[in-house]
Amino acid sequence: MEKQTDWHREQKRVNQVVVQIQEREKQLRQKLGTIKEDVIDIRKKFWDDVTVNFDNAEEAAETFASIKQQAELMSERERSHRHDLNQLKNLHKLKYSPYFGRIDFLEEGEEDSEAIYIGIASFVDKEGINFYVYDWRAPISSLYYDYGPGPGSYETPSGTISGEVEIKKQFIIKDSQIKHMFNTGITIGDELLQQVLGNESDSQMKNIVATIQKEQNQIIRNERGRLLVVQGVAGSGKTSAALQRVAYLLYRYRDTLLADEIVLFSPNPLFNSYISTVLPELGEENMQQTTFQAYLEHRLGENWQLEDPFSQMEFVLIEKQDPSYLARLEAIKIKSSLDYIHFIDSVIQSLQAEGLIFTDIVFRGNILFSNETIYQYFYELDQTISIPNRMNMVADRLLKEVRSYELEERDKEWVDQEVDLLEDEVLLKIHQKVEKEKKKESDDFYEYEREQELLRGLVVKRRLKKVRHIINQLQFLDTTSIYLNLFQEKENSLFSSEKWSEICSLTIHQINQSIFPYEDATPYLYLKGKLEGFHVNTTIKHVFIDEAQDYSPFQFAFIKNMFPRAKMTVLGDFNQSIYPHSNNSSFPALESLYQREDIEKYALTQSYRSTRQIIDFARHILGTEIDPFNRNGEKPVLTKAANWKELNTQLIARLMELCTKFRTVAVICKTAKESKRVYTELKDELDVRLMKKDSTGYESGILIIPSYLAKGVEFDAVVLYNVSDLEYLHDSERKLLYTICTRAMHSLDLMYVNRLSPLLSEVPPVTYLKS
């Protein structure tokens, strides 16, 4: 009876809040209509209300002030319109689910406690004093995530507020009706998590503000260190916490931080699509999203065929019989290390005195500046000046000489020939310019000769434009040859590898074929930056790196150099380090680049994505400890087939069954090559979609996807294709197998031909079923 009364009282409050929200919506719509009309009216009458007069300096200044005043008025109206529009969007969401939590907090020194209701956005009364709903990012809301009934405190800009949490409740409200209501302790209650986690997967990640755990809340609100490192097991909510952290920072520093000043490096375009709706759901703009590969491609330009990490992974997984296989693996290991940075730095130090390689600058088939001349110009400068500064000084000298050369070249015969070929529009423009000059000059101004002078100057300037571009872009520096020179010494005391000589030959051969191996791209750009000056971005204030275990120590150092003023948040799982260029030393290497007091570290050990049965199975692949959330499901199923035909028959039958239960079903193959083959075999039997490295999104249904593209994404049901001893044999593939298994939320199948992979030999039979 008491529970029914409490439910009725809470529902009554929901109804009252919804009425207030609807009233505010109505007022805002009327206001928005008025503001929109004002903006349109200002735009129409912009020049009518501006006094335009440029007759003298005083009138021109008055004109400028008038234009500025009108522009500021219009800008203020548009700003107000955007603010109210965002508020209207938030009200629309709150109307159907105003809040998800309540705490009653008695502040020290006060006699009465305050009931604090928490939702995805704030909602306050007309006077702006009493809160119907507090934004989940407000300082006081941290009580909901960090404490159960009992003593509690929260931080504010003015200090710590302490007191007593008397009541803590959680709600699930849909269509303005309370569906579930729980009293709970310090952690977000199992009932609410069961409701959320038991739902089917979607093609896009949802926000988790209602179910943020205490340890996730600490990550979200941490503002201390310059480097925040989160090591979390598969399904521990790392990505979700990162996105809520972005939303929190945008809320906390809303007057000084813009979404464009935050950048997220994600593993692939598919992942970008997967997380794209989280921040807009919370009323925030998306931060900049990119992949490290996209950055490399942008910086290297179109002259190179740049390998991506997925192609590198295909080589590692498939080409074990390649004669250069072991040398390539060793090359990847060396070129991904901080030792390789030190090696390049030592080479650059020697280049201060000698050894840079330049190319001739050619004009009309003739050498304008020889590489020897440029070399001389460079090395006659003071060696205490940095290489990039000396390079710019050389460029300035060359440009000055180009200007002198341009004057000399105007009288050459080839110039007259090209003048005769100029377009009529150009001739007319030059003629009109001379006519204007003629009005200001004496009557004996020789019009024809002046026109010819301008035309000859135009022709030479046009032809020298490419030369100026080469000089301005420092393209006279042969960075590729300088990089290849790193591999001329067949012995290297810095690296103990016996394969260094083979690595040198392999690298030179690949780059001479205009193929840039993935492991060479970052070192090459690092060398280029050291010689020409780095392209740094000082406007970015926060850098987020998800799936950070996929980055090498060298790449971490490079990214830190790219964004010198930014705080960095990195999130990853050592157990999912599947790429050959990444290893367990990546995070320690990153931490070595910061002062110890600037580093904040968190570990997330509980997995929320998969059922207990799936986690119990997957954790034995690595022998790692994972604390599964107590959500039950079916045990993983191992299905054996005698041959490929039987395997595909069983696969089709199982997929048809899974499609009746779940929205997203993934057939995860080891490689892209295998994925393509399976897709070809299934497409006439089932409605399937093949996911490739450039896929940018997916809908519900059956997906066929390579193992490394599934990282960071989750599916209702996962079927691992052909987990046989021929496919998953080497211990180096153990983490890959673990990563694939932990993509499954509710159902996991593993199918194989003949013999099961030995990597599953340590998995207890009690954790799975056989079919």
Side-chain angles (χ1 to χ4, degrees), residues 292-293 295-297 299-300 303-348 479-531 549-559 577-586 588-590 671-672 693 708 730-733 735-736:
F292 191 62
Q293 176 71 13
Y295 174 81
L296 293 177
E297 289 173 352
R299 290 288 292 114
L300 280 172
N303 296 330
W304 294 99
Q305 182 184 334
L306 173 62
E307 181 187 47
D308 56 49
F310 313 120
S311 299
Q312 185 195 69
M313 190 69 175
E314 285 282 310
F315 175 86
V316 171
L317 293 176
I318 294 174
E319 304 296 342
K320 292 183 174 65
Q321 305 306 315
D322 190 296
S324 63
Y325 184 80
L326 293 178
R328 176 81 194 276
L329 286 187
E330 189 66 17
I332 292 170
K333 178 183 174 183
I334 288 173
K335 295 172 183 177
S336 301
S337 68
L338 292 185
D339 286 340
Y340 196 52
I341 290 184
H342 303 326
F343 170 54
I344 293 175
D345 285 342
S346 68
V347 171
I348 290 168
T479 309
T480 302
S481 293
I482 297 169
Y483 186 73
L484 288 177
N485 261 5
L486 301 179
F487 307 99
Q488 294 301 329
E489 296 292 334
K490 299 304 182 182
E491 293 183 8
N492 192 315
S493 59
L494 289 174
F495 308 117
S496 59
S497 173
E498 298 176 359
K499 294 191 173 293
W500 178 252
S501 176
E502 194 176 345
I503 289 169
C504 291
S505 300
L506 179 64
T507 305
I508 292 170
H509 173 73
Q510 288 175 312
I511 294 180
N512 280 337
Q513 298 295 314
S514 295
I515 299 170
F516 229 100
Y518 183 70
E519 63 269 20
D520 283 290
T522 308
Y524 174 83
L525 288 178
Y526 178 79
L527 174 70
K528 188 176 177 68
K530 281 285 189 175
L531 298 179
Q549 75 282 346
D550 294 345
Y551 289 73
S552 71
F554 200 124
Q555 290 171 336
F556 277 140
F558 186 78
I559 291 172
S577 298
I578 65 171
Y579 289 102
H581 60 263
S582 62
N583 53 63
N584 287 351
S585 69
S586 292
L590 173 61
T671 64
K693 62 186 178 184
Y708 43 81
H730 302 280
D731 202 60
S732 60
E733 296 165 343
K735 289 183 177 180
L736 180 64

Evaluation steps, side chain to side chain contact (heavy atoms under 4.5 Å, CB included), between Leu525 and Leu300: CA-CA 8 Å; Leu525 288 178; Leu300 280 172; 4.0 Å; yes
Phe292 and Phe558: CA distance, side-chain angles, deciding distance, side chain to side chain contact (heavy atoms under 4.5 Å, CB included) verdict: CA-CA 11 Å; Phe292 191 62; Phe558 186 78; 4.1 Å; yes
Steps toward side chain to side chain contact (heavy atoms under 4.5 Å, CB included) verdict (Tyr551, Ile559): CA-CA 10 Å; Tyr551 289 73; Ile559 291 172; 3.8 Å; yes
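Closest approach of Ala589 and Leu338 over heavy atoms only: CB-CD1, 3.7 Å. When all heavy atoms of Ser324 and Glu502 are compared, the pair lying nearest together is CA-OE2, 4.1 Å. The heavy-atom pair separating Ala521 from Leu306 by the smallest distance is CB-CD1, 3.6 Å. What you find for Phe487 and Ile508 is that their closest heavy atoms are O-CD1, 3.7 Å. Contact record, Ser577 with Gln549: OG-CB, 3.4 Å, taken as the closest heavy-atom pair. Taking all atoms of both residues into account, the shortest heavy-atom contact from Phe554 to Ser337 is CD1-O, 3.6 Å.
Between the OG atom of Ser552 and the CG atom of Leu590 there is a distance of 11.0 Å, given to the nearest 0.5 Å. The line from CD of Gln510 to OG1 of Thr507 is 6.0 Å long, rounded to the nearest 0.5 Å. Note that the CG atom of Asp322 and the CG atom of Leu329 stand 10.0 Å from one another [nearest 0.5 Å]. Taking CH2 from Trp500 and OG from Ser505, the interatomic distance works out to 11.0 Å, rounded to the nearest 0.5 Å. Put simply, NE2 on His730 and CG on Leu317 are 10.0 Å apart, with the number rounded to the nearest 0.5 Å. Residue Ile578 holds its CD1 atom at 6.0 Å from CG of Asp550, rounded to the nearest 0.5 Å.
Considering only residues two or more places apart in sequence or on other chains, Tyr295 meets the ring pair (Phe, Tyr, Trp, His ring centres under 6.0 Å) condition with none of them. Shown here are the side chain to side chain contact (heavy atoms under 4.5 Å, CB included) partners of Gln321, two or more places apart in sequence or in another chain: there are none. Remark: Glu733 pairs with Lys320, Lys670 by the salt bridge (Lys or Arg N to Asp or Glu O under 4.0 Å) rule, at least two apart or across chains. Remark: Phe516 engages Trp304, Tyr524 in a ring pair (Phe, Tyr, Trp, His ring centres under 6.0 Å) (not counting sequence neighbours).
Taking a 6.0 Å sphere around NE2 of His342, one finds it holds more than 12 heavy atoms contributed by other residues, nucleotides or ligands. In this structure, Glu319 places its CD atom where more than 12 heavy-atom neighbours from other residues, nucleotides or ligands lie under 6.0 Å away.
Side-chain contact between Asp339 and Ile334 is absent, with no heavy-atom pair separated by less than 4.5 Å. In this structure the side chain of Tyr483 never reaches within 4.5 angstrom of the side chain of Val347, judged on heavy atoms. Taking 4.5 Å as the limit, every side-chain heavy atom of Cys504 sits out of range of all side-chain heavy atoms of Leu486.
For residues 507-516, the set of pairs meeting the salt bridge (Lys or Arg N to Asp or Glu O under 4.0 Å) definition, not counting sequence neighbours, is empty.
Residues Phe315 and Tyr325 place their aromatic rings such that the two centres sit under 6.0 Å apart.
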Validation: residues 307-314 side-chain donor-acceptor distances under 3.5 Å, sequence neighbours left out:
| from | atom 1 | to | atom 2 | distance (Å) |
| --- | --- | --- | --- | --- |
| Glu307 | OE1 | Arg328 | NH2 | 2.7 |
| Glu307 | OE1 | Tyr518 | N | 2.9 |
| Glu307 | OE2 | Arg328 | NH2 | 3.2 |
| Asp308 | OD1 | Phe310 | N | 3.0 |
| Asp308 | OD1 | Ser311 | N | 2.6 |
| Asp308 | OD1 | Ser311 | OG | 3.0 |
| Asp308 | OD2 | Lys693 | NZ | 2.6 |
| Ser311 | OG | Lys693 | NZ | 3.1 |
| Gln312 | OE1 | His581 | ND1 | 2.9 |
| Gln312 | NE2 | Glu519 | OE1 | 3.0 |
| Glu314 | OE2 | Ala672 | N | 2.5 |
| Glu314 | OE2 | Tyr708 | OH | 2.5 |

